[in-house]
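Start at 1 with the first residue, then count along the sequence.
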Amino acid sequence: MIEFKNVSKTFSSNGQDVHALQNIQFTIEKGDIFGVIGFSGAGKSTLIRTVNLIERPTAGEIIVNNENLVSLQPRELQRAKRNIGMIFQHFNLLQSKTVFENVATPLRLVKTKKSEVKERVNELLKYVGLEEFASRYPDQLSGGQKQRVGIARALATNPAVLLCDEATSALDPETTSSILQLLKRINQEYNITILMITHELGVVREICNKVAVMENGRIVEQGKVEDVLARPEHETTKKFVRSIIPDDLPEKVKQYLGQKGSDERIYKIDVTDETEQLSVFNDLVHQGLHVSLLYASMHEVRETSFGALYLSLKGNAAAQETARSYLEKYDAQVKEVTKDAGLVA
Ligand SMILES: Nc1ncnc2c1ncn2[C@@H]1O[C@H](COP(=O)(O)OP(=O)(O)OP(=O)(O)O)[C@@H](O)[C@H]1O
Ligand SMILES: [Mg+2]
């Protein structure tokens with residue numbers, strides 16, 4: 001659907017080259033809500049702006065619907081761009097025009113009949129929940145309402161792709177959530193492919209099915225959202241994941257460490273959907289240990305659950321040794337937790 005083939009973009013400013021995009025290569029399938037996340041300056045806006053050639057890449061191809069946009073003639077490009085809608089962090093509405101006229105603008109540009117414009121704009125305003133607001137001006141609207149106008153305008157010409165550059169960054173959490181749910185509905189009901197740029201992993205978690213992490217103009221990690229959140233590999237991805245799923249020792253476990261008995265050991269077990277770790281309880285009990293659950297934190301992302309359990313094992317030295325060698329077979333998923341060293345691999 002959208003394919004970036006070796007896309008690079010270099011800006012020259014004050015005689016210095018800035019490599020904003022470097023050999024970007026990835027594919028967004030039809031129907032995806034694809035999130036691109038990265039810290040400030042990673043190149044996210046530059047990336048999304050190449051999709052409708054607001055920013056022309058220095059090298060590479062942008063394939064949208066089997067057409068390489070980079071090689072299209074101006075007239076063909078104009079036609080292809082009609083298939084790509086965009087919404088912005090600061091909404092970019094025309095302040096001197098009413099809500100109705102803002103949404104009508106792209107239709108008027110392609111010389112749509114007056115009666116059709118009226119019908120389409122009213123239908124869109126109804127869809128985004130603003131039918132009562134047609135004659136207001138942008139400065140008479142809240143941020144969430146402005147973004148709804150932006151969305152209606154972006155959908156006016158029935159695009160196959162919607163680009164969102166930090167579309168919720170100027171909104172409060174509740175409004176963010178309602179805009180995200182609207183985008184999800186648009187994706188499902190109109191089968192529109194969405195590319196979302198954000199610096200908030202919470203946004204990705206809420207509606208995206210795939211995610212790519214950007215740093216210094218490159219994609220450093222990508223995959224299904226549930227896989228990347230459960231098992232982040234790149235350090236930058238880990239930082240983002242920690243922002244919504246803390247991985248430090250829970251306070252309760254820290255306190256418990258200070259008072260645990262000499263015949264007691266504490267383990268952290270990483271749990272994912274695919275593993276059979278939960279039989280661990282039973283197996284350990286059969287090895288003569290007293291097992292108790294100190295703390296559990298589980299997360300569900302797109303019907304995949306993952307998280308961590310903290311277990312206390314009480315038993316004599318021999319039983320502890322049997323348990324230790326038994327737990328070794330879980331390799332990286334099980335770690336002993338100690339007072340001085342925190343987690344022991
Ligand atoms: N027109 C331009 N001229 C020169 N350098 C530019 C231009 N546009 C972007 N850059 C540089 O390219 C790099 C990537 O910028 P970009 O705006 O794509 O980052 P971003 O990931 O969107 O950041 P933010 O989260 O702050 O919006 C930055 O180093 C930026 O300074
Ligand atoms: Mg940006």
Looking only at heavy atoms, which two atoms of [X] and [Y] are closest? And how far apart?
{"X": "Lys97", "Y": "Pro138", "value": "O-CD, 3.1 Å"}
{"X": "Ile87", "Y": "Ala154", "value": "CG2-CB, 3.8 Å"}
{"X": "Leu309", "Y": "Ala296", "value": "CD2-CB, 3.6 Å"}
{"X": "Asn83", "Y": "Pro159", "value": "O-CB, 3.3 Å"}
{"X": "Val301", "Y": "Glu226", "value": "O-CB, 3.5 Å"}
{"X": "Met86", "Y": "Asp165", "value": "CE-CB, 4.2 Å"}

Are [X] and [Y] joined in one hydrophobic group, where the rule is that I, L, V, M, F, W and Y side chains link up if heavy atoms are under 4.5 Å apart?
{"X": "Ile186", "Y": "Phe88", "value": "no"}
{"X": "Leu109", "Y": "Leu77", "value": "no"}
{"X": "Leu94", "Y": "Leu141", "value": "no"}
{"X": "Val161", "Y": "Leu107", "value": "no"}
{"X": "Val225", "Y": "Leu180", "value": "no"}

Electrostatic pair [X]:[Y] at N-O distance under 4.0 angstrom:
{"X": "Lys126", "Y": "Glu123", "result": "no"}
{"X": "Glu189", "Y": "Arg185", "result": "yes"}
{"X": "Lys239", "Y": "Glu235", "result": "no"}
{"X": "Lys184", "Y": "Glu206", "result": "no"}

Tell me, yes or no, whether the heavy-atom count around Gln73 atom CD, taken from other residues, nucleotides or ligands under 6.0 Å, exceeds 12. no

Please say whether more than 12 non-hydrogen atoms of neighbouring residues, nucleotides or ligands are located less than 6.0 Å from NZ in Lys118.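 Not more than 12 within 6.0 Å, no.
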
Mark yes or no for whether Ser243, through its side chain, and Phe240, through its backbone, hold a donor-acceptor pair below 3.5 Å.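 Yes, because the side chain of Ser243 sits within donor-acceptor range (under 3.5 Å) of the backbone of Phe240.
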
Using only atom types and a distance under 3.5 Å, with no angle test, would you say the side chain of Gln25 pairs donor to acceptor with the backbone of Asn6? yes

Can you check side-chain contact (heavy atoms from CB on, under 4.5 Å) on Ser178 and Arg148, steps first, answer last? CA-CA 10 Å; Ser178 76; Arg148 284 171 190 271; 3.3 Å; yes

For the residue pair [Y] / [X], report whether a side-chain donor-acceptor contact shorter than 3.5 Å exists.
{"X": "Asp17", "Y": "Thr10", "answer": "no"}
{"X": "Thr168", "Y": "Gln147", "answer": "no"}
{"X": "Glu215", "Y": "Thr236", "answer": "yes"}
{"X": "Glu55", "Y": "Thr46", "answer": "no"}

Less than 4.5 Å apart, side chain to side chain, heavy atoms only: is that true for [X] and [Y]?
{"X": "Tyr295", "Y": "Lys268", "value": "no"}
{"X": "Ser8", "Y": "His19", "value": "no"}
{"X": "Val149", "Y": "Phe133", "value": "no"}
{"X": "Glu67", "Y": "Glu76", "value": "no"}
{"X": "Leu294", "Y": "Val337", "value": "no"}
{"X": "Phe34", "Y": "Ile2", "value": "no"}
{"X": "Leu182", "Y": "Tyr127", "value": "yes"}
{"X": "Glu336", "Y": "Tyr267", "value": "yes"}

Evaluation steps, side-chain hydrogen bond (donor to acceptor under 3.5 Å, both in side chains), between Thr237 and Glu221: CA-CA 7 Å; Thr237 317; Glu221 186 161 357; 2.7 Å; yes

Rounded to the nearest 0.5 Å, what's the gap from [atom1] on [X] to [atom2] on [Y]? Could you check?
{"X": "Ile266", "Y": "Lys260", "atom1": "CD1", "atom2": "NZ", "value": "6.0 Å"}
{"X": "Leu130", "Y": "Arg136", "atom1": "CG", "atom2": "CZ", "value": "9.5 Å"}
{"X": "Leu201", "Y": "Ile37", "atom1": "CG", "atom2": "CD1", "value": "4.5 Å"}
{"X": "Asn68", "Y": "Ile63", "atom1": "CG", "atom2": "CD1", "value": "4.5 Å"}
{"X": "Gln89", "Y": "Thr198", "atom1": "CD", "atom2": "OG1", "value": "9.5 Å"}
{"X": "Asn102", "Y": "Gln95", "atom1": "CG", "atom2": "CD", "value": "8.0 Å"}

Tell me which one of Asn23, Leu21, Val51 satisfies side chain to side chain contact (heavy atoms under 4.5 Å, CB included) with Phe4.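 Of the listed residues Asn23, Leu21, Val51, the side chain to side chain contact (heavy atoms under 4.5 Å, CB included) partner of Phe4 is Val51.
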
Exactly one of Ile48, Val204, Leu47, Val213 should register a side chain to side chain contact (heavy atoms under 4.5 Å, CB included) with Val36. Which one does?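 Exactly one pass, corresponding to Leu47.
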
side-chain contact (heavy atoms from CB on, under 4.5 Å) evaluation trace for Leu229 with Ile244: CA-CA 10 Å; Leu229 262 67; Ile244 57 170; 3.9 Å; yes

side-chain contact (heavy atoms from CB on, under 4.5 Å) between Ile192 and Asn187, intermediate numbers included: CA-CA 5 Å; Ile192 292 183; Asn187 166 258; 5.7 Å; no

Would Gln255 and Glu251 count as a side-chain contact (heavy atoms from CB on, under 4.5 Å) if you check the C-alpha gap in whole Å, the side-chain angles of each, and the deciding distance to 0.1 Å? CA-CA 6 Å; Gln255 280 171 13; Glu251 205 47 46; 4.2 Å; yes

